[in-house]
Amino acid sequence: MRAHLGLTGGLIVSERLAAVLTPVLGKGPAKELMSRASAEAARGGRTLGEVLAAAPELAGRFRAEELAALLDPANYPGVADLLVDRAVRGPGGRS
């Protein structure tokens with residue numbers, strides 16, 4: 001599964017990155033950076049992490065290991081826990 005997630009070049013965690021970058025950069029600049037970086041990564045040749053590591057907007061704001069942790073899909077389950085709880089409860093909210 002990790003190999004499949006890796007095929008996205010980091011794009012799978014772009015929503016998480018946008019959420020983390022918004023309070024740091026502001027909503028507009030964070031959205032612009034993520035749009036530009038995601039497009040550049042999607043064109044190929046570099047991962048989203050590589051593009052963001054080189055972004056002047058992030059210079060001095062995140063250590064390499066912090067950025068790597070943000071880019072690791074294992075650290076971002078999203079709403080998976082809520083979906084599992086809902087599935088366990090079953091129809092009508094009963095478990």
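Note that these values count all heavy atoms, side chains included, but never hydrogens, waters or copies made by symmetry.
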| task | State, with a plain yes or no, whether a side-chain heavy atom of Leu33 is found less than 4.5 Å away from one of Leu17. | result | no
Contacts under 3.5 angstrom, residues 56-63 side chains, donor-acceptor by atom type, not counting sequence neighbours:
residue	atom	partner	partner atom	Å
Glu57	OE1	Arg36	NH2	3.2
Glu57	OE2	Arg36	NH1	3.3
Glu57	OE2	Arg36	NH2	2.6
Arg61	NE	Glu57	O	2.9
Arg61	NH1	Val24	O	3.4
Arg63	NE	Glu65	OE2	2.6
Arg63	NH1	Glu66	OE2	3.4

Return the [atom1] to [atom2] distance between [X] and [Y], rounded to the nearest 0.5 Å.
{"X": "Leu52", "Y": "Leu21", "atom1": "CG", "atom2": "CG", "answer": "7.0 Å"}
{"X": "Ser38", "Y": "Arg43", "atom1": "OG", "atom2": "CZ", "answer": "10.5 Å"}
{"X": "Met34", "Y": "Leu48", "atom1": "CE", "atom2": "CG", "answer": "5.0 Å"}

| field | hydrophobic_cluster_shared for Val51 and Val20, side chain cutoff 4.5 Å | value | no
| field | Contacts of Thr22 that satisfy side chain to side chain contact (heavy atoms under 4.5 Å, CB included) - sequence neighbours left out | value | Lys27, Ala30
| request: Grab the two heavy atoms, one from Glu50 and one from Gly45, that are nearest each other, plus how far apart they are. | output: OE1-O, 4.3 Å
